[in-house]
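A quick write-up on the structure given underneath.
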Amino acid sequence: MKLILMRDVEHVGDVGDIVDVADGYGRNFLIPRGFAMAATAKNKRQLEHEQRLREHRILRVRKDAQTLAEQLQAAKGPRATGLD
C-alpha cells in the first residue's frame, strides 16, 4: 500500500515521503492515527502544492529577516561591525 506520510514515523519515513507499507499496517495503524493518507493522484498534487507554499513562506521570512538585519545594521552605524 502506498501512503503519503503526514508525520515522521520511526523506521518508515519523514513527513511528505511516499512510502510502500504492508496493507494492514497502513490501514490499521498509520491512516486511523493520522500519520498517513493514501497516495492518490489528488493527494500527491495537494502535497506538492503545500510544499510549494511552505517553500514560498520560508523564502519570504528569510527576505524579511535580511531586510530587518540590514535596517538594524544601518541604524547602529559603522561601529556595530566591530571593525573600528
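- Taking all atoms of both residues into account, the shortest heavy-atom contact from P32 to G26 is CD-O, 3.9 Å.
- Hydrophobic clustering (side-chain heavy atoms under 4.5 Å, transitive across Ile, Leu, Val, Met, Phe, Trp, Tyr) keeps I31 apart from M6.
- Note: K2 NZ to N43 CG = 14.5 Å, rounded to the nearest 0.5 Å.
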Just distance, no hydrogens or angles: give the donor-acceptor pairs under 3.5 Å from side chains in residues 48-66, sequence neighbours left out.
unit_1	atom_1	unit_2	atom_2	d
E50	OE2	Q46	NE2	3.1
Q66	NE2	E70	OE2	3.2

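- Here the closest heavy-atom approach between residue M1 and residue R27 is recorded as SD-N, 4.0 Å.
- Shortest non-hydrogen contact noted between R33 and N28 is NH1-O, 3.5 Å.
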Yes or no on side-chain contact (heavy atoms from CB on, under 4.5 Å) for I18 and I4, after CA distance, side-chain angles and deciding distance? CA-CA 4 Å; I18 297 176; I4 300 172; 3.9 Å; yes
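- For D14 (side chain) and D8 (main-chain N/O), no donor-acceptor pair under 3.5 Å exists by modelled atom type.
- Both L30 and V19 sit in one connected hydrophobic cluster of ILVMFWY residues. Membership requires side-chain heavy atoms under 4.5 Å apart, directly or through other members.
- Rounding to the nearest 0.5 angstrom, the gap separating the CG atom in D17 from the CG atom in L3 is 11.5 Å.
- Linking ILVMFWY residues whenever their side-chain heavy atoms come closer than 4.5 Å, directly or via other members, leaves M37 and F29 in distinct clusters.
- In this structure R7 satisfies the side chain to side chain contact (heavy atoms under 4.5 Å, CB included) test together with F35, sequence neighbours excluded.
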